[in-house]
2 protein chains.
Amino acid sequence: MADVVEIPAGERAYREIRRRIVSLELKPNQAIGEVFLADELRMSRTPIREALTRLSGEGLVDFRARAGTIVAPIRLEAVRTAQYVREKLELAIIEEAALTQSNRAIFNIRQTIEEQRFSIAEGDTVLFFSADERMHRCFSEMVGRGPVWTIISEAKRHMDRLRRLSLQDTDLNQLLIDHENILAAIEGGNVADARSVLKIHLGRVMEDIDRLSSQYKDYFSQSEHNDAEIAQ
Amino acid sequence: MADVVEIPAGERAYREIRRRIVSLELKPNQAIGEVFLADELRMSRTPIREALTRLSGEGLVDFRARAGTIVAPIRLEAVRTAQYVREKLELAIIEEAALTQSNRAIFNIRQTIEEQRFSIAEGDTVLFFSADERMHRCFSEMVGRGPVWTIISEAKRHMDRLRRLSLQDTDLNQLLIDHENILAAIEGGNVADARSVLKIHLGRVMEDIDRLSSQYKDYFSQSEHNDAEIAQ
DNA sequence: ATATGTATACTTGTATACAAATTTTTAAAC
DNA sequence: GTTTAAAAATTTGTATACAAGTATACATAT
C-alpha cells in the first residue's frame with residue numbers, strides 16, 4: 001500500500017523559495033517580507049520562517065533584525081571560494097574517474113550529454129544546465145564519491161545565480177564540446193587530458209564575471225568584506 | 001557609544017545546542033524533545049525550533065515527523081566524505097602556503113603551536129583541539145582562502161564528534177610534532193614535505209575508526225545508506 | 001531648501017494555542 | 001505468556017497573537 005506522503009508546508013516553502021532565488025525570479029537584494037511570502041504561498045508565517053532560516057544558513061537569504069529580510073546579494077568572495085573548492089575537488093574526482101573503467105557510468109554520462117545536445121537544439125538553456133549538473137554528479141558517483149558532489153553543489157549556489165545571469169550569451173556548444181572531450185579522456189583512461197580539459201572548462205564560468213558584476217551592479221554585494229561567520 | 005547588542009534567543013539556542021552536540025554532552029541518537037530544550041534553556045519552543053532547523057541543515061539533528069527529534073548519529077559515510085574533502089582542499093592550501101613567505105602568518109601559526117604545547121602540559125585536551133583548529137585556519141588565511149576553511153569546517157562536523165571519542169587515547173605529542181614539521185616545511189618553502197607530512201597527519205584521525213565504531217556502536221548510524229538529500 | 005525631531009506604520013522575534021500524527025501504555029482475548 | 005486492539009500521552013507541525021525594534025513620513029525650525 002503506497003503511503004501518499006503529504007509534503008509539509010515548511011518543506012514546500014523551502015523548495016519553492018529556493019527555486020525562486022536561484023532562478024533569479026526573486027532578485028538579489030530584493031526585499032522578501034515574511035507576510036508577503038506567507039500570503040503568496042498560502043500558509044502562515046511559521047513555515048515561511050523555517051524556510052528562510054534554512055536558506056539563511058545556506059547564505060541565500062539575509063535577515064536584518066526587525067528591519068526586513070532580503071535575498072542575499074551575490075557575493076563575489078563566495079563565488080571565488082566556490083570556484084576554488086569545486087576545482088580542487090572535481091579535478092581529484094575526474095582523475096580517479098579516468099582510472100576507473102565503468103561501462104555503466106560511461107553510459108550514464110553519455111546520456112546526459114545527449115540530453116545536452118537536444119536541449120541546445122531546442123534552445124532550452126534551463127534543461128541544458130540541469131543535464132550539465134547531472135553529468136558532473138555522475139563523475140562523483142562513478143568513483144564512489146557521490147556525497148562530495150553534494151558539498152560542491154552547496155558551495156556552488158552563489159555561482160549558480162551568476163551563471164543564470166550569463167545564460168543568454170554563453171556558448172553552449174563550446175561547453176558541450178568540453179564535455180565530450182572529458183568523456184573521451186575518461187574512456188581513454190587519459191588522466192592528464194581529463195584534468196586539463198576539465199580545468200579549462202571550469203574556468204570558463206569565471207570569464208564573464210567582470211562584465212556581469214558591472215552590468216548587474218545592484219545584484220552584487222558592494223562591501224566585499226561580508227564573510228560568513230563561523231564560531232569554531 | 002558602544003551599542004550593547006542582545007544576542008537573540010534563537011541564536012543562543014543554536015550555539016548552545018550545537019556546542020552540546022559536538023562536545024558529546026548530547027549523545028548521538030539521543031532524543032531531544034523541543035519542550036525539554038525549551039525548558040532547559042528558558043525560552044519558548046519557537047527559537048528552539050529555529051536552532052534545530054539550522055542544525056538539521058548541517059546534519060547534526062534528525063527530525064522524525066511528529067515522533068521526536070534526535071541528535072543525528074555519527075555517519076561514517078559523512079566522516080569519509082569529510083576526510084576526502086578536507087584532504088584535497090587542505091593539501092592544495094598547504095602547497096600554496098609553502099610557496100608564500102609571510103612572517104605575520106608564521107608568527108600566528110607558531111603561537112597556536114605554543115598553545116598546543118601548553119595544553120598538553122596542562123592535560124587540557126579541549127584546549128589542544130581548539131588551538132589545532134585555529135592553526136589549520138591560519139593556513140587557509142595566509143594564502144587568502146579563509147572562507148575555504150569554513151567549508152572544510154562545516155564538512156568536518158561529523159568527524160569532530162568522532163575525534164571527541166578518541167580524545168583520551170590520542171597521542172597529542174605526535175600531533176604536535178606533525179604540526180612543527182608542517183610549519184618547518186612552510187618556512188623552508190618545501191612544498192613536497194609540507195604535502196606529505198600533512199597527508200600523514202590528516203590520516204591519523206581515521207586510524208581508530210574501526211575500534212571506535214564497534215566500541216560505541218550505538219553512536220553510529222547502522223544503515224549506512226542515509227545520504228543527505230539534495231534537490232538539484 | 002535642508003536638517004531635525006516625532007509620530008506612525010511596518011517587520012521581525014518570541015510566546016502560546018491548537019491540530020495532527022506517532023508512540024506508549026493499558027486492557028482484553030486467546 | 002503472547003498477541004491484538006484501543007485509548008492515552010507525547011511530540012512535532014502550523015497558526016496566531018503580541019512584543020520590540022526599525023524605517024518612513026511628516027511637521028517644524030533654521
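We use all heavy atoms of the structure for the numbers below, so side chains are in, but hydrogens, waters and symmetry mates are not. Since the structure is predicted, the reported quantities are computational estimates derived from the model, not experimental observations. Reminder, nothing fancy here: chain letters follow the sequence lines and each chain counts from 1.
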Q: Of the options D/dT11, D/dA15, D/dA17, whose atoms approach the side-chain atoms of B/R66 most closely?
A: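 Comparing D/dT11, D/dA15, D/dA17 against the side chain of B/R66, the answer is D/dT11.
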Q: Whole-Å distance between D/dT14 P and A/R42 CZ?
A: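 Nearest whole value for this atom pair: 17 Å.
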Q: Which part of the nucleic acid, if any, lies within reach of A/L52 when heavy atoms closer than 4.0 Å are counted: base, sugar-phosphate only, or nothing?
A: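 Nothing, no heavy atom under 4.0 Å.
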Q: Indicate whether OP1 or OP2 belonging to D/dT16 is found under 4.0 Å from a side-chain N or O atom of A/T46.
A: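 Checking D/dT16 against A/T46, no side-chain N or O comes under 4.0 Å of OP1 or OP2.
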Q: Given D/dA17, D/dT11, D/dT14, identify the nucleotide with an atom nearest to the side chain of B/V35.
A: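 The answer is D/dT11.
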Q: Given atom OH of B/Y14 and atom P of C/dT14, what is their separation to the nearest angstrom?
A: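 Value for this atom pair: 16 Å.
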Q: Which nucleotide, D/dT14, C/dT23, C/dT14, lies nearest any side-chain atom of B/A67?
A: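 Selected nucleotide: C/dT23.
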Q: Which pair of non-hydrogen atoms, one from B/M142 and one from B/A105, has the smallest distance, and what is that distance?
A: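 B/M142 and B/A105 have their closest heavy atoms at CB-CB, 3.4 Å.
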Q: Nearest whole angstrom, please: distance from the C1' of C/dT14 to the CZ of A/R45.
A: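 For the pair A/R45 CZ and C/dT14 C1', the rounded distance is 10 Å.
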Q: With side chain to side chain donor-acceptor pair (under 3.5 Å) as the test, would you mind laying out the steps for B/R80 and B/Y84 before giving the verdict?
A: CA-CA 6 Å; B/R80 180 171 164 267; B/Y84 186 86; over 6 Å; no
Q: Which atom names give the shortest non-hydrogen contact between B/L26 and B/I32, and what distance separates them?
A: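 Minimum heavy-atom separation between B/L26 and B/I32: CD2-CG2, 4.0 Å.
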Q: Take atom CG of B/L37 and atom P of D/dT11, then tell me their distance rounded to the nearest Å.
A: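 Result: 11 Å.
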Q: May I have the distance from A/E34 (atom CD) to C/dT11 (atom P), rounded to whole angstrom?
A: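 Between P of C/dT11 and CD of A/E34: 10 Å.
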Q: In this structure, how many angstroms lie between the P atom of C/dA19 and the CD atom of A/E6, rounded?
A: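 Interatomic distance, CD of A/E6 to P of C/dA19: 18 Å.
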Q: Measure from the side chain of B/M43, starting at C-beta and using heavy atoms only, and say which of D/dA23, C/dA15, C/dA21 lies closest.
A: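 The answer is C/dA15, which lies nearest to the side chain.
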Q: Could you walk me through whether B/Y219 and B/Q30 satisfy the side chain to side chain donor-acceptor pair (under 3.5 Å) test, starting with their C-alpha distance in whole Å, then the side-chain angles of each, then the deciding distance to 0.1 Å, before giving a yes or no?
A: CA-CA 9 Å; B/Y219 284 3; B/Q30 179 177 339; over 6 Å; no
Q: Nearest heavy-atom pair of A/L202 and A/E87: which atoms, and what distance?
A: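 Result for this residue pair: CD1-CA, 3.9 Å.
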Q: In whole Å, what is the span from the CD1 atom of A/I48 to the P atom of C/dT11?
A: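 It is 15 Å, rounded to the nearest whole Å.
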Q: Expressed as a whole number of angstroms, how long is the span from A/D39:CG to D/dT16:C1'?
A: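 Distance, rounded to whole Å: 15 Å.
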